[in-house]
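The block underneath contains the structure these notes are about, expressed in structure tokens.
This is a predicted model, so every value here is computed, not measured.
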Amino acid sequence: MSIFRNGFYSHISKDNNHDLSEAIKKVVIEAFHKFITKVETTIEIIFETYDESYLEDVIFGDSFKDALKSGKIKLYSIRDYFSYKENINHFCCGSNFVRYEEDKKEHRAICAINDVGFMEETCKSFALLKNIVNPITLTNG
């Protein structure tokens with residue numbers, strides 16, 4: 001979820017330049033708004049561990065919270081008893097893409113577009129993960 005947070009763009013500013021950071025952030029915000037306002041779209045996010053502070057610097061402002069309230073965004077946390085949760089690699093998938101992170105520290109990942117087999121396997125992994133999560137409900141709306 002780092003791309004959704006201001007801290008991500010601070011790193012880009014520091015490593016590159018502020019104008020580039022702001023330009024990328026603007027594109028992401030516009031894409032998020034375009035996506036989240038579509039009728040049947042949802043985003044499901046599973047956290048290895050969750051802390052409400054993760055949502056404090058989300059770049060989308062009220063539209064992110066509104067999407068949480070309406071159920072268009074659903075947050076989950078892997079149950080504490082699952083002892084291998086630190087070994088789960090980050091991945092995300094959509095209707096035609098997958099990003100599977102091989103290395104958490106380096107953020108090295110495999111990305112695939114329109115790779116049906118890889119997408120099916122990733123979606124199966126996500127469905128399996130959902131069996132060991134708890135839904136997150138926000139305490140300060």
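A distance-only check finds no donor-acceptor pair linking the side chain of Thr41 to the backbone of Thr37 [under 3.5 Å]. In terms of modelled atom types and a separation under 3.5 Å, the side chain of Lys72 and the main chain of Val39 share a donor-acceptor contact. Put simply, the side chain of Ser21 gets close to the backbone of Tyr9: a donor and an acceptor are under 3.5 Å apart.
Criterion: ILVMFWY side-chain heavy atoms under 4.5 Å apart, direct or through other members. Under it, Ile113 and Ile3 are not part of a common hydrophobic cluster. Connection of Leu20 to Phe8 is established within a shared hydrophobic cluster, with ILVMFWY side chains joined at heavy-atom distances below 4.5 Å, either directly or through further cluster members. The cluster map of Ile, Leu, Val, Met, Phe, Trp and Tyr, joined by side-chain heavy atoms under 4.5 Å apart, puts Phe97 and Met119 in different clusters.
In this structure, the separation between OG1 on Thr42 and CD1 on Ile36 is 7.5 Å, given to the nearest 0.5 Å. Within the model, atoms CG of Asp115 and CD of Glu121 stand 10.5 Å from one another, a figure rounded to the nearest 0.5 Å. Atom CG of Asp66 is separated from atom NZ of Lys69 by 6.0 Å, given to the nearest 0.5 angstrom. Remark: Ile45 CD1 to Leu68 CG distance equals 7.5 Å, nearest 0.5 Å. Distance CD1/Ile73 to CG/Leu75: 7.0 Å, rounded to 0.5 Å. Within the model, atoms OG of Ser77 and CD1 of Ile136 stand 5.0 Å from one another, a figure rounded to the nearest 0.5 Å.
Of all non-hydrogen atoms in Ile110 and Glu102, the two that sit nearest each other are CD1-OE2, 3.4 Å. The two atoms that bring Arg5 and Asp57 nearest to each other are NE-OD1, 2.9 Å, heavy atoms only. The heavy-atom pair separating Lys25 from Asn6 by the smallest distance is NZ-OD1, 2.9 Å.
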- Steps toward side-chain contact (heavy atoms from CB on, under 4.5 Å) verdict (Ile24, Ile12): CA-CA 9 Å; Ile24 294 170; Ile12 294 173; 4.3 Å; yes

- Should His33 and Glu30 be marked as a side-chain contact (heavy atoms from CB on, under 4.5 Å) after you check the CA-CA gap, both sets of side-chain angles, and the distance that decides it? CA-CA 5 Å; His33 288 295; Glu30 289 172 1; 5.9 Å; no

- Query: Step by step, would you call Ile59 with Phe32 a side-chain contact (heavy atoms from CB on, under 4.5 Å)?
  - Reply: CA-CA 10 Å; Ile59 63 174; Phe32 172 81; over 6 Å; no

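Separation of the Tyr54 and Phe47 ring centroids falls under the 6.0 Å cut-off.
Between Tyr76 and Asn134 the shortest side-chain heavy-atom distance does not fall below 4.5 Å.
Between Tyr100 and Phe118, the ring-plane angle classifies as perpendicular under the 30° and 60° cut-offs.
Under 4.0 Å is where a charged nitrogen must lie from a carboxylate oxygen, and between Lys130 and Glu44 at least one such pair does. We find that Arg99 and Glu101 are joined by a salt bridge, their nearest charged nitrogen and carboxylate oxygen being less than 4.0 Å apart.
Within 6.0 Å of atom NE2 in His11, 12 or fewer heavy atoms from other residues, nucleotides or ligands are found, so the atom counts as exposed in its surroundings.
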